[in-house]
Every structure is written in C-alpha cells, then in structure tokens.
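Quick notes on the structure that follows.
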There are 2 protein chains.
Amino acid sequence: MRLSRFFLPILKENPKEAEIVSHRLMLRAGMIRQEAAGIYAWLPLGLRVLKKIEQIVREEQNRAGALELLMPTLQLADLWRESGRYDAYGPEMLRIADRHKRELLYGPTNEEMITEIFRAYIKSYRNLPLNLYHIQWKFRDEQRPRFGVMRGREFLMKDAYSFDLDEAGARRAYNRMFVAYLRTFARMGLKAIPMRAETGPIGGDLSHEFIVLAETGESGVYCDRDVLDLPVPDETVDYEGDLTAIIKQWTSVYAATEDVHDAARFEQEVPAEKRVHTRGIEVGQIFYFGTKYSEPMKAMVAGPDGAEVAIHGGSYGVGVSRLLGAIIEACHDDAGIKWPESVAPFKAAILNLKQGSEDTDGACEQLYRELTAKGVEVLYDDTDQRAGAKFASADLIGIPWQILVGPKGLAEGKLELKRRSDGTRENLSAAEVLAQLT
Amino acid sequence: MRLSRFFLPILKENPKEAEIVSHRLMLRAGMIRQEAAGIYAWLPLGLRVLKKIEQIVREEQNRAGALELLMPTLQLADLWRESGRYDAYGPEMLRIADRHKRELLYGPTNEEMITEIFRAYIKSYRNLPLNLYHIQWKFRDEQRPRFGVMRGREFLMKDAYSFDLDEAGARRAYNRMFVAYLRTFARMGLKAIPMRAETGPIGGDLSHEFIVLAETGESGVYCDRDVLDLPVPDETVDYEGDLTAIIKQWTSVYAATEDVHDAARFEQEVPAEKRVHTRGIEVGQIFYFGTKYSEPMKAMVAGPDGAEVAIHGGSYGVGVSRLLGAIIEACHDDAGIKWPESVAPFKAAILNLKQGSEDTDGACEQLYRELTAKGVEVLYDDTDQRAGAKFASADLIGIPWQILVGPKGLAEGKLELKRRSDGTRENLSAAEVLAQLT
C-alpha cells in the first residue's frame, strides 16, 4: 500500500478524552474514530489489525474442533423470556421495538439463540460433542463506556457454545477451549493467564478469566509468579486426546480474580516472594454452566439408553475488539505502538527519505514491487514529508520492520533495516533486506 | 471437513414458508435458520458461501482502489438530522433509545457517517480522490420481509463512498465502481446487467442497478438482448486509465428498470426481436449524488486555488447476503444447488459409498488427506447413510465435484468423478482425480 493513497489520519496532538495509553495511541495512529459514546468506526489501519486478531481466534477455534456459524445481531425478546434472562439482564441490554411493536434486543451474548438452534436440529447423543461459535458484533449498554475499545458498547466478540451429553463431556469441551485460549493469546504475543473467576450473568459454577497483567486493567488479580512462566502448548497439541495434564499444570498454581480471591489459601500456598497482586485486562472468559439453559429451553437429546436428557453446556468468549487495546497496553513505548508481527497491520514500512530523488524513488519502487510480489504486506511512505516526520509516523503506528532508504546509504548500496520492537538497526543490501523479510 | 463432525442440518421436507426456490434450497441445505421475520442465522454451510462472496467483493473493491474500513451498526440520530434524512427515511429505519434516552438508529446505509468521518480529517483536494468502503450488517425494517435472504431485514451489504473535488472526478469514481461491479458479479458466475435506475432515498440524478435476470425477481426490467453478451473486463483492466470506452459500450445498449423505462425510446432503439421484458434481482446499485450530503454536512476541501468547495460524492452498494439467493436462483436444478466453483462452500465432496468397509474407508481417508494437504476444500461424507442418501445430499448442497468411492470401482483402481454443473461422470484413478482438482 502506498501511503499517498492510504487513509491514515494521524493526529499530532494527544486527544484529551483518552485516559489510557492504548486509547490514546489508537486515536493518534488513526485506527479508530468515536461515533457515539462507546461506539467506534474502525479506520483502515485499525481494521487491518482487527482482522488479523479475528483470524487467529478463528484458526484456533477451528483447530480445537469448533464450527463457525454466524448469528444475527438482533434477537427476539421472547427467546430471552424462555431462559428468564430478559428481565434479569438489566439496563445493559439494549431493548428495541420494531415497526410492528415486536420486542427485539441487540444481543449482548447468545446462549439463548444457540440453544434454540441446537434444539431445532439435534435430537441424539450421536451428534455430540458439538461446539458452535461465531464472531459477531455485540452491544452492551455500559453506564460509563471508557478506555476506547477496552470498554465499548458495540464490540466484536467471539463466542463459542459447547453441547455435551453429560458433565464429563462438557468438562472435556471446557478443557479444549482452555487450551485453545492459551494458544490464541500466545500467538498474539500476549501472556494471558487463566484465573478462577465469578460466573456473573452467564451462570454456572466453573469459570476462568484469561487476564493480561497490566496496571491499567480494570480487574484486581492475585497469582503465584510461577504461573507467568508456564509453557503454552504448541500446534501439535492433540485436542482429541487427554488434555487434563495441561489443565492441571495451569490450574494447580494459584491465580484468581479479586472476586473469588481466597486470601488464606493464597498465603498458605504461595511463598511471600512469589505473591503477585496487580491489575489485569480480561481478554477472554470461559464458563461451564451445565443445564442452566438446556433445562428451561428444553434442549434435550436421546441418550444411548433412549432416555431424553438435557444437554450440558458451556460458553467461551474472546473480546476480539478489546484485544487491540490489550495488545497495545502490553506492547508500546513513548514513541508509539510496537505490534507483534502476527497482528501487525503491515509487516514492513519503506521510508523514502528523499522523495522525488531519482535514486531513492527508484530503489523504493523496486523494493516495494519485490516485497509485494513475495506476499509481504508493506506500507510504502511515498509522501513528501521530511524524514523526521516519516520516522515518527512509522514508530507511532508500530510497523515491526522499517526500511530506511536514503541517498547516503544508497551510494554505498545499503539500506537501513530497523526493528521496531527493540530499535536495532542494520545496514543491508536490498537483497539482504528481501531475504530477511521473506 | 468430515461430515460426521460438521453441522449440516439437512431438511427432508420442503419448508412451507418458502415461496421461491433459493429460499427453499437454503433452508433445505441447512444454510440458514430464521430467528425472527427477515432475520437469519447463517449455519456453517451458508456462512462458508457468504464469506466467499464477501471476499470476492472485497478483492474487486481493493483492485479498483477503494479502501476498507468498518463503521459501526448503530448511529446517532443527530447525524441524520444534519442531512435531513432522519425524518425523511420513514418506518424502514429502526429507531432506538439507549439507557440515557439518547436517540440511535441501526444503520440502513452510511452516507452521513462516512461524510462525518471524511470532514473530520480531509481538508485538501490533494488527498482526493478517495473511496472508502465497508462490509457491514445493515437493518431495514421491511413492512413484509420475504424470500429469505433476498428481502431480509438484517442483511450484509458492501457500501462504498467516493469523494472528489468536482463532478468530472466523481464520474471517474463512478466509472471505476461500474467496472468493478461488472467484474465482481462475473467472478461469481452471474450475468448482472447494469440498468438505468431511480435514485430513491439515496438521492442524486445518476444511478445504475446491477440486475440478474430471473422470473422470481422483484424488479421489472427492459433491455436489448445484445446487452446480455457484452464482454466483462478481465483483471488487467487499468483503473487509473480511461474507462469511458467500457462504460460507453455498456450504457449505449438499452437497459432500464421499469421505474425509469422509456417505452418510446425502447421501441425506437431496439428492434422488436431483440426486446427483452422480464424480471430481475437487484444485486447492486451505484449512485452519483454530487453535493447532496457534503453541502448540508459541510464536507469541504480547499481546492487548488485555496477556495473551499463541497466535495462531489457517490455511493455504491452490493447486497452481499442477497447474492446467495441470486446465485441459487440462477444456478440450480430439481436436485438442488449448483454452486459456481468461486463461491462453493467446498470444492469437492468425497462420498464413501460403503462406510465401514476397509477398502473404501482407506481409499477415502487417503484421498481426503491428500486433497486437504494440497489446499482443496473438501467435505468427506463419512457418515453411515446409504449411498442414495449421500448422492441426494451432495446434489442438494451443490458441491461442484463429487468423488464417488465404491467397492466395485476400487476393485478396478477407479473412482468416479462427477461434475455437479452438468452431471458428467468419469472413471479415474485417484491420481487423476487429484490432478484434476489441484
């Protein structure tokens, strides 16, 4: 992409309304624009990152055997009356009447709708286990939306729903999602720790929140320092095999949100020098809730003995849009964002330090063509801004590799390759740059 | 994908509520489920096709120089008061109040919001031309939703918005989208004819609807038969060059919707034997509306002489979810859907005609592994249904290539490869099947 043809409205000033660094940087880097309280438009740079994150979530759900579908944003109020949650949900639910005065709502979550879909088609235990997920916009009418996409009202969530014949099966489904979440967040360069958590309005008695430690997080958390260094399963993990050893390793070390924190156990189990009490950002949460929805909504299957039983369910959420904020909170410096390569909007930026000069223009064009031809996503800064402004923009938007093309280096046949994550620089030939990036 | 692990709820009976064949087939093939009037969940098979269509639309928008962003589904009513459309839009607009009694609406289109984004950042003609698009769910509260996804209430639309300094620039932008639309629909196997059309609530005085001829369509259309055989530009078309010859070729042959049909001109210009009067399905519409939104909403840029001028705009819609219905209307037979390969949910299906037999199981597994390894999307029917039911399902869901693996053929080292589009069959070795499909 040529910057001269891209839409990248970088702000020079720090926006006053942004209280935390990720919100500030997303606004400054031209990634989002607020359209109403807690409702954002995703500008091209922001959308590119959102889609990268969404795709990682999708790949790991698929790998764990979940099947993607897509439920609509609007739901019938009557469906929520079946579970009893229509009245229970409170003012966070956006309630709507259509032209025929039919009551709708903008889905804040989809337990009811997926249960309705399940019961319409699945009648036998032979079709289990089943895990269905979608990645769809949700709405929760927060009293006080803030922190940009971290606590928005319209937000993108991945929510999966598992259906099993009994509790043992449901726990295996829970474990598969547990492991998929470890992998999902690790692929984005995040250390997200599963912590015992309250179940809240979803219900049930087993839940973990996946939490990225950060001082700006909204949740207080307690954990044993050892949990920060546990290994994440690699892509060879066998989701059809027994995952209990992995789950045990992660859940036997103390880690809990403040809502379920047990101070006595914490002090007994964790040596003083290993006690961590800090704040964190919740990027995912998983629930086992048994028959909470299947019983009132009559989601029954015939078991092996022919008797009808209510299925055991769980649900599994990832805050896809919130993850942009969480990643920036974890990956930035004073100059701007430092995207991990897996979610970066572009892998590399070419900075033409003397736009209009035949030599630098020619070298940049050739490099741009060659990188693009090899499938590298590259942003070519071909604007007539001065070099300093180009450096600042590239640092701000956080492209992992910057290729600086100036007349002095070119005279010696060299470009400068800068790595954004640690600021290291190397003088390389164009061929070496190509080799490094492909 | 193994069918035994997929979620493909095929209906044996024809659903009574479906009036047209595409709606009937989408329900029977387990592609969609109605959740409320005109509001559908996309089951896994349907979602796979929706994503294929979405991706073709995206690729052709990008090729034509449009930039993708993503606006939220909900919008502030005040924004629509600026253009005067809040009161003008009528009961199709879903109006919503949030917990603080702030007036919102579920966007039926985005001219106002994109104009707000544009004016916030773009101040100079030097940043033009600009074309921004998104692919997002919209809501129009139809009085009588029907025909499945063809006239739904919550539907997926691609809408692009162009910004130019003057009318000449805006017409070039219009022409780029005109050509992009020709290519977009052709890639999906559709013959979509651009026809002069009314502008309706979007406004302006220049508009074309892209129409797929079909008896079940909702629009009456008139055209010269010659327009059906005009060539569609291939992928080498130069969007930065002069497109007027292509536009002239397509617009000089008579083609109009009934709303703007000129009977006298039709009879004068079109020889009687070439006159076509039929019905059609609108799959896209493009508009040039000049300063209709930029003037009231003050979307101004400084021109080359420094004077501020209101930009000239156009908007360009594709009915992404509706396209599934349109493609099925155009591509089906009595047995079911015949997907064009470019949008098929899977390219090939392996039908194991004797599940549980060592020979067929082994041959199917190997073929499944090899096709998958080569990146072919394949659905392996590994269920224990009898052969006849497998044939019927594969025909119904319309997979372009069916590979029939039975004991008799295997004894001779042969599989049967059936092409869904014309029913032709060939006996081939596994290696030949692989070569054909990769």
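By convention in this document, chain letters (A, B, ...) are assigned in the order of the sequence lines, proteins followed by strands, and residues within each chain are numbered from 1.
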Heavy-atom pairs under 4.5 Å with chain B: which of [options] has the most?
options	result
A:D78, A:N62, A:L79, A:I117	A:I117
A:K51, A:R102, A:E92, A:R95	A:K51
A:N127, A:L50, A:L43	A:L43
A:D98, A:L45, A:L76, A:I122	A:D98
A:M71, A:H134, A:M1, A:R5	A:R5
A:F139, A:Y106, A:Y40	A:Y106

Does any heavy atom of chain B fall under 4.5 Å from the side chain of [X], the backbone, both, or neither of them?
X	answer
A:Q136	side chain
A:A37	neither
A:L130	side chain
A:R126	neither
A:E142	backbone
A:L132	side chain
A:I96	side chain

If I measure from the heavy atoms of chain A, does [X] come under 4.5 Å with its side chain, its backbone, both, or neither?
X	result
B:M93	neither
B:F6	both
B:L69	both

Give a yes or no on whether a salt bridge exists between A:R48 and B:E68, defined as a side-chain N under 4.0 angstrom from a carboxylate O.
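No salt bridge links A:R48 with B:E68.
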
B:E116/A:R33 salt bridge by N-O under 4.0 Å criterion
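Yes, charged N to carboxylate O under 4.0 Å.
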
Got [X] and [Y] here, is their nearest side-chain heavy-atom distance under 4.5 Å?
X	Y	value
B:L70	A:W137	yes
B:L67	A:F7	yes
B:E35	A:M113	yes
A:Y121	B:L11	yes

Value rounded to 0.5 Å, distance of CG in B:L74 from CD in A:E154
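It is 4.5 Å, given to the nearest 0.5 Å.
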
B:I39/A:T73 under side chain to side chain contact (heavy atoms under 4.5 Å, CB included): CA gap, chis, key distance, verdict
CA-CA 9 Å; B:I39 301 180; A:T73 61; over 6 Å; no

Shortest non-hydrogen contact from A:A97 to B:L94?
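Minimum heavy-atom contact is O-CD1, 3.8 Å.
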
Take a 6.0 Å sphere around CG of B:D238 and say whether it holds more than 12 heavy atoms from other residues, nucleotides or ligands.
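Yes.
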
In terms of heavy-atom pairs under 4.5 Å with chain A, which of B:A41, B:P91, B:P129, B:P72 leads?
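If we count pairs closer than 4.5 Å to chain A, B:P72 comes out on top.
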
